[in-house]
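All figures in this text were calculated on a predicted structure; none of them were measured in a lab. Position 1 is the first residue of the sequence; numbering continues from there.
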Amino acid sequence: QVQLVESGGGLVQAGGSLRLSCAASGRTFSSYTMGWFRQAPGKEREFVAAISWGGGYQYYADSVKGRFTISRDNAKNTVYLQMSSLKAEDTAVYYCAARTKYITTNADDVGAWGQGTQVTVSS
């Protein structure tokens, strides 16, 4: 089983940028597709972005397309989420997700979760 630890969250003004990191341990990182989900207060957890095993394919939610970039470094067992042009509606707890099968946008199909990191965007 893989263990995931997120970092990089914080408070940022609207229009600003943040980079989230998720460090993995426990199993071969490259055997997992990775993703980011987020959950705002009172809302369901929603898909943000995902990346294939080798990093050659990325998929984004429409709400973040063009503003967020997911990437991974298999040598460092880390996946990143670069967030730019942040909006107040991006405020949420962001969770790193791992899955041995192909990428998914469905939170119910995720195999392992990190503990989450808070991102707050002030307007």
Side-chain contact test, heavy atoms from C-beta onward, threshold under 4.5 Å: evaluate it for [X] versus [Y] and give yes or no.
{"X": "Y95", "Y": "R45", "result": "yes"}
{"X": "R99", "Y": "V110", "result": "no"}
{"X": "F37", "Y": "T105", "result": "no"}
{"X": "F68", "Y": "S84", "result": "no"}
{"X": "E6", "Y": "Q115", "result": "yes"}
{"X": "Y59", "Y": "T104", "result": "no"}

What closest approach, in Å, do [X] and [Y] show between heavy atoms, and which atom pair accounts for it?
{"X": "G35", "Y": "I70", "answer": "CA-CD1, 4.3 Å"}
{"X": "W113", "Y": "A107", "answer": "CZ2-O, 3.5 Å"}
{"X": "K65", "Y": "D62", "answer": "NZ-OD1, 3.1 Å"}
{"X": "W53", "Y": "T33", "answer": "CE2-CG2, 3.4 Å"}
{"X": "S17", "Y": "Q82", "answer": "CB-NE2, 4.0 Å"}
{"X": "G8", "Y": "L18", "answer": "O-CD2, 3.8 Å"}

Would a single hydrophobic cluster contain both [Y] and [X], if residues Ile, Leu, Val, Met, Phe, Trp and Tyr are joined by side-chain heavy-atom contacts under 4.5 Å?
{"X": "V119", "Y": "V93", "value": "no"}
{"X": "Y32", "Y": "I103", "value": "no"}
{"X": "I51", "Y": "V2", "value": "yes"}

Looking at [atom1] of [X] and [atom2] of [Y], how far apart are the two atoms once the value is rounded to the nearest 0.5 Å?
{"X": "C22", "Y": "N77", "atom1": "SG", "atom2": "CG", "answer": "10.0 Å"}
{"X": "Y60", "Y": "F47", "atom1": "OH", "atom2": "CZ", "answer": "9.0 Å"}
{"X": "S123", "Y": "L86", "atom1": "OG", "atom2": "CG", "answer": "12.5 Å"}
{"X": "R38", "Y": "E44", "atom1": "CZ", "atom2": "CD", "answer": "14.0 Å"}
{"X": "Y94", "Y": "L81", "atom1": "OH", "atom2": "CG", "answer": "7.5 Å"}
{"X": "S52", "Y": "M34", "atom1": "OG", "atom2": "CE", "answer": "12.0 Å"}

G55 backbone acceptor or donor facing R72 side chain under 3.5 Å: no

Worked check of salt bridge (Lys or Arg N to Asp or Glu O under 4.0 Å) between D109 and K101: CA-CA 9 Å; D109 293 334; K101 298 180 180 179; over 6 Å; no

Salt bridge (Lys or Arg N to Asp or Glu O under 4.0 Å) between K87 and D90, worked out: CA-CA 5 Å; K87 306 174 182 179; D90 294 319; over 6 Å; no

Side chain to side chain contact (heavy atoms under 4.5 Å, CB included) evaluation trace for T91 with Q118: CA-CA 8 Å; T91 296; Q118 177 71 46; 4.0 Å; yes

